[in-house]
Student: 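The structure follows.
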Amino acid sequence: ERAEVIKGVLVDLWPESGKAVERLIRRLENPDIPEDVWRGIEEAEDGRFVDMETALTEKPPWVA
């Protein structure tokens with residue numbers, strides 16, 4: 001309940017930061033989940049992912 005109240009207040013104060021507030025609350029509620037997992041979840045939510053076949057057959061753009 002506290003997290004929902006905090007989330008509501010922060011979103012009311014800064015409406016444009018709703019996604020960031022929700023992600024922060026989620027992380028605070030689940031401190032046992034590693035940072036790498038959160039990063040992957042958030043990248044998938046933002047649509048930044050490739051299918052497994054592409055990942056296995058093509059070089060990443062940052063590899064020369």
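Bear in mind the structure is a predicted one, so any value in this text is a computation, not a measurement.
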Student: Taking side chain to side chain donor-acceptor pair (under 3.5 Å) as the definition, give me every residue that meets it alongside Glu35, ordered by chain and number, with sequence neighbours left out.
Tutor: Arg27
Student: Sequence neighbours excluded, which residues qualify as side chain to side chain donor-acceptor pair (under 3.5 Å) partners of Thr54?
Tutor: Asp51
Student: Within a strict 4.5 Å, meaning less than it, do heavy atoms of the Lys19 and Glu42 side chains meet?
Tutor: no
Student: Restricting to non-hydrogen atoms, name the atom on Trp38 and the atom on Asn30 that form the minimum distance, rounded to 0.1 Å.
Tutor: CZ2-CB, 3.7 Å
Student: Let me check something: do Ile6 and Leu24 share a hydrophobic cluster, defined by ILVMFWY side-chain heavy atoms less than 4.5 Å apart, either directly or through other members?
Tutor: no
Student: Within a reach of under 6.0 Å around CD of Glu45, are more than 12 heavy atoms found that belong to other residues, nucleotides or ligands?
Tutor: yes
Student: Do the side chains of Arg23 and Glu43 get close enough for a salt bridge, i.e. N-O under 4.0 angstrom?
Tutor: no
Student: Quick one: name the residues clustered hydrophobically with Phe49, using the 4.5 Å side-chain heavy-atom rule over I, L, V, M, F, W, Y, and just say none if it's on its own.
Tutor: none
